[in-house]
Amino acid sequence: MENSTDLIDDFISRYSREFAYFDTLARQCAEKCKYILKQEGIDAHVTHRAKDPGSLREKIKDRAQTKVYSTETDIRNDITDLAGVRISLLYFDDFAEMQRLLENVFTVRKIKKHQARIITTNLLVEPLTSTDITTVVNKNDLVEIQITSVLLGAWADIQRGIEYKPRVSATAKNILTKKLDLLRTQVLDSERLVSGIYGMYRQRAILPRTSFTDVDLNKVPYNVMICSESTNRQLYWYATDGRRYVFPNEETLHTWFPETPKIYRLHNDQLIQIKIGGNVTYKPGIRLVKISTDLKIYAVEKGGVLRWIENEKLCAEIYGDDWHDLVDEVPDEYFVNYQIGTSIAASADYDPRRQQESVSYTDIGYYTPPCTFTDTPLPAETQT
């Protein structure tokens, strides 16, 4: 027993010195997962952590009661979550798609599915390399990515906090376990309710997009909606400049298309040949916008130009007494796609109907004005 304690202490001592390294592995993996989620339009919360040395010590001691550790390597091979990432999906229906996306991006060494008390899938993946890590990354220092749902993840946190950390009597632990099982049943019932809500949302927002045409890239005309074969959720506008422009959310999409038009679906390898030009901005004259950190209400003009309406009385004069219902809060990360124009000081300064008529489908997209100057002076004979 003394030798086992020394072995565990030596392992924890070495791990404590490497804690920052494992924390960086987890963070970089989490950032990649967030990027995937944003690109695919999947709603989820992503967290990461390196295993706390104190908690790790207790975990190893518990496992040492049923396992034989002869070397530190034995411990390392048994503990696979020194660096961990959790993806908590808002909708459990996205589970299979999320796993497929991760398998396409990461080098997966092993997949562990848990179906007994909590439904999760854990993927052991090779770490990413980056200049953030000053030491050499060992490909065998795997990162464990857990896929679960927000509800099941909350249950797991409660269960872990009650069953593993406090030391309670066997009788009390048995009672707590039964109550946790009852809570789990209620969580699963709630998960099914959320799935039904999600299904209704998909029926309203996604399923109407049933008019798909699978074609080769060279047969796709400009000024149409496109998507990839892997998911019907992220939609793009294929503009006349040969680039694809991202519809960042449903709100932006619906200003241009209350009913989604026919969508040209491309193979993944063809879609990636089309460079992303930027994000689509709101269609002018349809909605008003603001951000959470600013009380100003803006009207939208062609080219993603925002014009501050200087007071609420003007908002009512331009959009009617129910103008509050037309205000959308644009997330900060999308607000940068717009540019600020002159303010609106009188109702004559802005006509929503004329603004709507000022654009067509060829104007969809966020266009950066081309550079019109050069560092090289023109020849003397061409200068004016």
What distance separates Lys219 NZ from Leu266 CG, expressed to the nearest 0.5 Å? 12.5 Å

Under 3.5 Å, side chain of Gln356 to main-chain N/O of Gly285, donor-acceptor pair present? yes

Heavy-atom distance under 4.5 Å between the side chains of Glu72 and Leu7, does that happen here? yes

Only counting residues at least two apart or in another chain, list the ones meeting side-chain hydrogen bond (donor to acceptor under 3.5 Å, both in side chains) with Thr47. none

Within the 4.5 Å heavy-atom criterion, are Val85 and Val143 side-chain neighbours or not? yes

Is Lys32 reaching over with its side chain to a backbone N or O of Ile36, donor-acceptor style, under 3.5 angstrom? no

Verify whether one side chain among Tyr69 and Asp78 offers a donor that lies under 3.5 Å from an acceptor in the other. yes

With sequence neighbours excluded, tell me which residues meet side chain to side chain contact (heavy atoms under 4.5 Å, CB included) with Ser360. Thr362, Asp363

What heavy-atom pair brings Ile12 and Pro53 nearest, and what distance separates the two atoms? CD1-O, 3.9 Å

Any side-chain heavy atom of Tyr298 sitting closer than 4.5 Å to one from Leu288? no

Assigning hydrophobic clusters by single linkage (Ile, Leu, Val, Met, Phe, Trp, Tyr; side-chain heavy-atom cutoff under 4.5 Å), is Trp237 placed with Ile286? no

Mind running salt bridge (charged side-chain N to carboxylate O under 4.0 Å, His left out) on Arg49 and Asp81 for me, showing each step along the way? CA-CA 9 Å; Arg49 58 100 187 103; Asp81 61 343; 3.5 Å; yes

Is a salt bridge present between Asp52 and Lys59, judged by a nitrogen-to-oxygen distance below 4.0 Å? no

Do the two ring centres, one from Tyr236 and one from Phe247, sit under 6.0 Å apart? no

Any donor-acceptor pair under 3.5 Å linking the side chain of Ser190 with the backbone of Gln186? yes

Please walk me through it: do Val150 and Leu89 pass side chain to side chain contact (heavy atoms under 4.5 Å, CB included)? CA-CA 6 Å; Val150 170; Leu89 300 167; over 6 Å; no

Decide whether Ile272 and Tyr245 are clustered together by the hydrophobic rule: side chain heavy atoms of Ile, Leu, Val, Met, Phe, Trp, Tyr closer than 4.5 Å, transitively. no

Going from CD1 on Ile344 to CD on Glu317, what distance comes out if it is rounded to the nearest 0.5 angstrom? 11.5 Å

OG (Ser228) and NE2 (His267) are apart, to the nearest 0.5 Å, by 11.5 Å

Has the side chain of Gln273 got a donor or acceptor atom that lies under 3.5 Å from a matching backbone atom of Asp269? yes

Report the C-alpha distance between Cys33 and Leu102 in whole Å, list the side-chain angles of each, state the deciding distance to 0.1 Å, and finish with yes or no for side chain to side chain contact (heavy atoms under 4.5 Å, CB included). CA-CA 8 Å; Cys33 291; Leu102 293 176; 4.0 Å; yes

Quick one: does Asn77's side chain have a donor or acceptor within less than 3.5 Å of a partner on Thr73's backbone? yes

Shared ILVMFWY cluster between Leu142 and Leu56, side chains joined below 4.5 angstrom? no

Looking at every heavy atom in both Phe95 and Thr148, which two are closest together, and how far apart are they? CE1-CA, 4.0 Å

Electrostatic pair Glu31-Lys34, nearest N-O below 4.0 angstrom: no

Does Leu271 reach the side chain of Arg244, with side-chain heavy atoms less than 4.5 Å apart? yes

For the pair Ile111 and Thr121, evaluate side chain to side chain contact (heavy atoms under 4.5 Å, CB included) and give the outcome as yes or no after the intermediate values. CA-CA 7 Å; Ile111 298 177; Thr121 294; 3.7 Å; yes

Run the side-chain hydrogen bond (donor to acceptor under 3.5 Å, both in side chains) check on Tyr334 and Asn249 step by step: do they pass? CA-CA 10 Å; Tyr334 302 147; Asn249 51 26; 5.5 Å; no

Check ion pair Asp74-Lys67 (N to O, under 4.0 angstrom): no

Identify each donor-acceptor pair in which a side-chain atom of residues 323-332 lies under 3.5 Å from a protein atom, sequence neighbours left out, and give them as a table.
| residue | atom | partner | partner atom | Å |
| --- | --- | --- | --- | --- |
| Asp328 | OD1 | Arg287 | NH2 | 2.8 |
| Asp328 | OD2 | Tyr282 | OH | 2.8 |
| Asp328 | OD2 | Arg287 | NE | 3.2 |

Give a yes or no on whether the backbone of Ile79 and the side-chain of Arg76 come within a donor-acceptor separation of less than 3.5 Å. yes

If two hydrophobic side chains count as joined below 4.5 Å and joins carry through other members, does Val305 share a cluster with Trp308? no

Where Ala26 and Gly84 come nearest, the two heavy atoms and their spacing: CB-O, 3.7 Å

Leu253 side chain reached by Met225 side chain, heavy atoms, under 4.5 Å: yes

List the atom of Pro284, the atom of Gln355, and the distance in Å for their closest heavy-atom pair. CB-O, 3.7 Å

Please walk me through it: do Val300 and Lys283 pass side chain to side chain contact (heavy atoms under 4.5 Å, CB included)? CA-CA 7 Å; Val300 184; Lys283 182 178 179 179; over 6 Å; no

Taking atom NZ of Lys110 as the centre, does the number of heavy atoms from other residues, nucleotides or ligands within less than 6.0 Å exceed 12? no

Atom pair CD1 (Ile87) and CD1 (Ile42), whose distance is rounded to the nearest 0.5 Å: 9.0 Å

Heavy atoms of Val137 and Tyr21 approach each other most closely as CA-OH, 3.7 Å

Check Glu144, Gln146, His48 against Arg86 for a side-chain hydrogen bond (donor to acceptor under 3.5 Å, both in side chains) and give me the one that passes. Gln146

More than 12 heavy atoms of other residues, nucleotides or ligands under 6.0 Å from CG of Asp321: is that the case? no

Does Phe22 have its ring centroid less than 6.0 Å away from the ring centroid of Tyr15? yes

Side chains of Ser13 and Asp10: is there a donor and an acceptor less than 3.5 Å apart? no

What is the distance from atom CG of Leu314 to atom OH of Tyr350, rounded to the nearest 0.5 Å? 13.0 Å

Measure the shortest side-chain to side-chain distance between Ile60 and Ile75 over non-hydrogen atoms and say whether it is less than 4.5 angstrom. yes

Do Arg109 and Asn140 meet the criterion of a side-chain donor-acceptor pair at a distance under 3.5 Å? yes

Can you name the nearest heavy-atom pair linking Val246 to Ile276, along with the distance? CG2-CG2, 4.0 Å

Does this structure show an ion pair linking Glu333 with Lys38, if we count only N-O contacts that are shorter than 4.0 Å? no

Distance from Asp351 atom CG to Glu357 atom CD, nearest 0.5 Å? 8.0 Å

Is it true that atom NZ of Lys179 has more than 12 heavy atoms of other residues, nucleotides or ligands lying nearer than 6.0 Å? no

Do Val46 and Val108 share a hydrophobic cluster, counting only Ile, Leu, Val, Met, Phe, Trp and Tyr and linking them when any side-chain heavy atoms are less than 4.5 Å apart? yes

For a ring pair (Phe, Tyr, Trp, His ring centres under 6.0 Å) with Tyr361, tell me which candidate from Phe257, Trp256, Tyr222 qualifies. Phe257

Taking the six-membered ring for Trp, are Phe335 and Tyr338 parallel (under 30°), tilted (30 to 60°) or perpendicular (over 60°)? tilted

